[in-house]
**Q** 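A single structure is presented below for examination.
Chain identifiers are assigned alphabetically (A, B, ...) following the order of the sequence lines, protein sequences preceding nucleic acid strands; residue numbering begins at 1 within each chain. Source: prediction; values computed, not measured.
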Amino acid sequence: MILNAVIHVSMVLFLSPLLLGVINKTKAFVAGRVGPPLFQAYCDLAKLFRKGMVLSRTTSWMFLAGPWVGWVSVFAASLVVPLGHHRAPLAFQGDMIFLAYVLALGRFFTASAALDTGSSFEGMGAAREVSFSSFAEPALFFGFMALARLSQTYSLSEMVLGENFKVGPEKIASLILVTIAWFIVLLAENSRIPFDDPNTHLELTMVHEVMVLDHSGPALGLILHGASMKLLLMGALVMDVAFPWDPSGLADWFMFILEMALLAVLIGVVESFMARLRLKFVPNLLVSACLLSAFGFILLVR
Amino acid sequence: MSHCLFLTSVGLVAFSGVPGLFFNRRSMWGQFISILFFCAGSLAGLAAVLQSFLQGAAEEWALPLSVCGGNVSFRVDPLASIFLAGIFLVSAMGSLFGLEYWRQTRHPESGRKLRFFYGFLTAGMALVVAAHDSLFFLFSWEVMALSAFFLVSTEDEKKETRQAGWVYFVATHFSTLFLFLFFALLRQARGSFELVPFQAGELPAPEADGLFLLALLAFGLKAGLFPLHVWLPAAHANAPSHVSAVLSGVLLKVGVYGLMRACWLFPHPPDWWGSLLIGMGLVSCVLGVAFALGQHDLKRLLAYHSVENIGIIFLGLGLALWGRSQARPELVLLGLSGALLHVWNHGLFKSLLFLAAGSVIHSTHTREIDQMGGLGKKMPRTALLFLVGAAAICGLPPLNGFISEFLIYIGFFKALNLPGLGGNWGLWMGAPALALTGGLAVACFTKVYGVVFLGEPRTAAAANAKEGGKAVLLPLLLLGSLCFWIGLFPQTVAPFLEAASKSWAPPGTAPGPSLSGLAPFGLFSAVGLSLLSLFFIGKNGLDRRFKSRKAPSPVLTWDCGYLRPSPSMQYSASSYAQTLVDFFKWALVPQKNPVRLKETFPKPVSFHSRVPETVLERVFLPVVKGLQWVFQWSRYLQVGYLQAYVAYIFLTLVFFILWR
């Protein structure tokens, strides 16, 4: 129990930046480049945490509180998400609601910190982030409802612990729909292509990156690390539903690492072969994610 | 509950504005006395409420009086006590806030009138909640509704205010009209004016359905449920801010109370009642927040958020009613405690937001959020407390909004695994719609907080804003700390909620589960406290880190190399909400003036966009116009002589005498 909690927390803290490396390596491989080293994100973080910060004179305390609250909220959210099929360190009835709202807490402060700079670019980024996230919420909740209905339980850890997924083919269909919907939500929430291009250099077209344009040094490091933790926890949610089988003990942790690597490769492949959507079509794609997971839920209602 | 204490408190509050009438209009004494009376009355009232909670059971008593043919009889059970606590607390905070915000010496023309009706509004609300007799209920209801009218039109020299007051006046009379019908039918079915639950099978189904729909119309109008909310935004926006705080924080809840009490009369409701309430709650919460997103006027925006929060309360109430018809005590407990806690919470954070907004408007002299900006530096304390309210209304942990929404969510999740789900679309739309609402609320309040308090001041008035004094900050601080208290220690309010749910359940119901078994309150305290302490640790760390390194001091925000950025280039409130407003344009019908640039060197053009009062303008006004046309013939009766009208009364009397 305690061992699992320790492994859980250390995976969240230390494994997550590796995902970014795997994604970038995949993209480089597809494009025929060598690409940045696998551990580039760790080097970036180490560099950022050693640096000083530049603060605009327009900003107030909110500017530094944003990245920190953002990081804390993602970390708190990660405590309720089961990695693989291990019970999360914090599991209680209704923890999926806590997950959604504590992430919203982080979003509130990150967006406010962006507005604190008084720049219209960052205002744009904040506006896009909060708009797109609110479309993603129902998709997430329809998925939770499908899982709650399947497993007759109300805690994330119990929903995906495995034994409840040994179900007939008509229920597999709804799991597949929820997986696809959540994968779309993952791409949107972690600002990947087709929603946002993490590598773009034009402020006008960015979503998440433009929000954090003025942050530097440790604050930017916190944002970067928070983003990688968020990728890990959303990825864990998707993979928990996608692979409902359950080897026990330590084998499951290896299984989980493999799953995450697979997911990172998948994201890399999606990013390599897709272009960004035009901004005005982004809500449509998110609405289709909502509909997919709503269909996933409706299949279970009779 | 000590009857004396309660009556004293109502009396003190009711007459708090009366001594001021005898003072000179330039003297502050009237206001001091009124605040003293008000605080004493509210403290007494809160003490009486606490006493009633401690006793637990419902209490009935009557005075040997009668008003309009009704007995002055009272019944205070824990359900009523929940509402009474909110009424006394929030109104007292508003009264205190008025000391600086609506100072008698600065508003000699309206201050005395305002305090006179403010006292009667509060007393009226308290009496409505405590009334046990329908006629007494109606009497108190009218005292409340009319005082609110005079309060909304405090600044009646402004045209906009008069219009807002007029719309409110019409709406509240429609509400009263439905109430008359409701109580008349109730009296016919029951044989007495007393408000006591029906026995099983006492009332045939169609009559019960009719009564329920009448109650929904009457109380929904007062509560500001979505299509019936048309009076609400203008009234809240044009009233003085501490009045808006009371209107939104408490007056709307009296409507909610009325509906809860009406549902309490029927121990065995059919299950479509609950579904209807859930459905209306869904529409109200999603469209309420969508309309809020489109507003540029700070108070109008907050007013639309009341529509949203009333929707959330209705979701909880609908769930409880559905649970009652299905005999599911855990759903009743979760739904009703969620709704009641949200009644408290919304009273706390919405009045906090309205008061803070009042302070901001007071120092910038505008309600347009696009004319503000950068106020966080000029008014740091107000900004911080507004932030607390904003985070609480979005339902973010570790604040109080999260706890009440959590209870309602858990209720909806529990309902998923019950038989009979398939036929009830409202039940499975509940959680996703609430989630969408939460996401949109975050969008809306980052917009408000960012545009008003962060960035650079957009106008000279905003640049010269000043922090409010102690009388302004003290109520804000108290309300803000209560938001934290309920968020961090929800177990302290759980007994009140359980008692209230028990008193709402039909008599003879088996005791259900306890709230602490359904929601992990202890864990919320632990998680909330650790979030808070982590916040302070990290913030200190980052601050120290910043100070320890030499950074290039004063630098500008990155502006893409543009040399002369100006505050007007900041992102505006309407641009911030544009994506979402466009998404909901089928409901909001936003208006824009089209801008076409033709020449090579175009002249300066201007662009406006606004979200109108779509429901009022597109639905209600055409209907009213149609009615006006239909009733044109009645103008012939309007001859303009008093004698003629008296003659009409005489003829009517004769008619009824003959008819009998």
Side-chain angles (χ1 to χ4, degrees), chain A residues 52-58 60-62 64-65 68-69 72 76 90 92-94 97-98 100-102 104-105 107-108 111-112 115-121 123-124 126-128 130-131 133-138 140-142 145 148-149 152 154 203 213-214 218-219 283 290 294 297 301-302, chain B residues 376-377 391 394-397 402 406 409-410 413-414 416-417 421-422 428 431-432 435-436 438-440 442-443 445-446 449-451 454-456 518-520 523 527 531 534-535 538-539 542-543 545-546 549-552 554-560 567 569-571 575-577 579-580 583:
Chain A
M53 283 183 277
V54 180
L55 300 189
S56 156
R57 65 180 168 205
T58 308
S60 61
W61 64 272
M62 180 56 93
L64 285 184
W68 173 243
V69 176
V72 168
L90 207 60
F92 53 91
Q93 222 178 51
I97 303 157
F98 177 76
Y101 276 78
V102 85
L105 173 72
R107 199 182 331 132
F108 189 103
S112 296
L115 288 167
D116 200 15
T117 60
S119 152
S120 46
F121 293 127
M124 252 175 237
R128 289 169 188 166
V130 294
S131 310
S133 297
S134 43
F135 293 125
E137 301 270 322
L140 209 55
F141 268 80
F142 270 121
M145 284 161 60
R149 178 115 174 127
Q152 313 268 319
Y154 310 98
E203 291 92 339
L213 209 57
D214 264 85
C290 293
F297 171 72
V301 178
R302 51 184 60 197
Chain B
K377 287 195 181 123
C394 295
L396 303 179
F402 175 68
F406 184 88
Y409 268 118
I410 280 285
F413 270 94
K414 294 250 174 198
L416 289 180
N417 287 322
L421 172 76
W428 43 268
L436 178 64
L440 294 176
V442 169
F445 274 96
T446 48
Y449 188 73
V451 174
L454 302 174
E456 294 280 355
L518 293 166
L523 201 69
V527 171
L531 279 178
L534 266 176
F535 170 74
K539 193 175 156 306
L542 278 176
D543 282 351
R545 181 64 185 272
F546 173 63
R549 305 281 175 106
K550 270 271 171 263
V555 289
L556 283 178
T557 297
W558 166 240
D559 46 17
C560 271
M569 289 164 64
Q570 296 174 90
Y571 221 45
S575 343
Y576 193 82
T579 313
L580 292 168
F583 186 81

**Q** Between F406(B) and F98(A), is the ring centre distance below 6.0 Å?
**A** no

**Q** Counting C-beta onward and ignoring hydrogens, is there a side-chain heavy-atom pair between Y449(B) and M62(A) closer than 4.5 Å?
**A** yes

**Q** Checking heavy atoms, do the side chain of V102(A), its backbone, both or neither come under 4.5 Å from chain B?
**A**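 Contact with chain B involves both backbone and side-chain atoms of V102(A).
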
**Q** For S133(A), is it the side chain, the backbone, both or neither that has a heavy atom under 4.5 Å from a heavy atom of chain B?
**A** neither

**Q** To the nearest 0.5 angstrom, please state how far the CD1 atom of I410(B) sits from the OH atom of Y154(A).
**A** 8.5 Å

**Q** Measuring heavy-atom distances to chain B, does A136(A) have an atom under 4.5 Å in its side chain, in its backbone, in both, or in neither?
**A**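 No part of A136(A) comes within 4.5 Å of chain B.
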
**Q** Chain B heavy atoms under 4.5 Å from A76(A): which part of the residue, side chain, backbone, both or neither?
**A** side chain

**Q** Are any of the side-chain heavy atoms of S134(A) and V442(B) separated by less than 4.5 Å?
**A** no

**Q** Is any side-chain heavy atom of F297(A) closer than 4.5 Å to a side-chain heavy atom of L416(B)?
**A** yes

**Q** State, with a plain yes or no, whether a side-chain heavy atom of V72(A) is found less than 4.5 Å away from one of F535(B).
**A**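 They are not in side-chain contact.
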
**Q** Should V527(B) and L90(A) count as side-chain neighbours, where that means a heavy-atom distance under 4.5 Å?
**A**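 Yes; the side chains approach each other to less than 4.5 Å.
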
**Q** Please look at D116(A) and chain B and tell me whether the side chain, the backbone, both or neither of the residue comes under 4.5 angstrom of a heavy atom of that chain.
**A** both

**Q** Contact part of M145(A) toward chain B, heavy-atom cut-off under 4.5 Å: side chain, backbone, both or neither?
**A**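 Interface part for M145(A): both.
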
**Q** Taking side-chain contact (heavy atoms from CB on, under 4.5 Å) as the definition, give me every residue that meets it alongside T58(A), ordered by chain and number, with sequence neighbours left out.
**A**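 Result, side-chain contact (heavy atoms from CB on, under 4.5 Å) vs T58(A): S56(A), E456(B), T557(B).
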
**Q** Should N417(B) and R149(A) count as side-chain neighbours, where that means a heavy-atom distance under 4.5 Å?
**A** yes

**Q** Quick one, R545(B) and P218(A) - any side-chain contact, counting heavy atoms below 4.5 Å?
**A** yes

**Q** With sequence neighbours left out, what residues match P138(A) under side-chain contact (heavy atoms from CB on, under 4.5 Å)?
**A** C290(A), P432(B), L436(B)

**Q** Examine F583(B) together with F135(A) and report whether their ring centres are nearer than 6.0 Å.
**A** yes

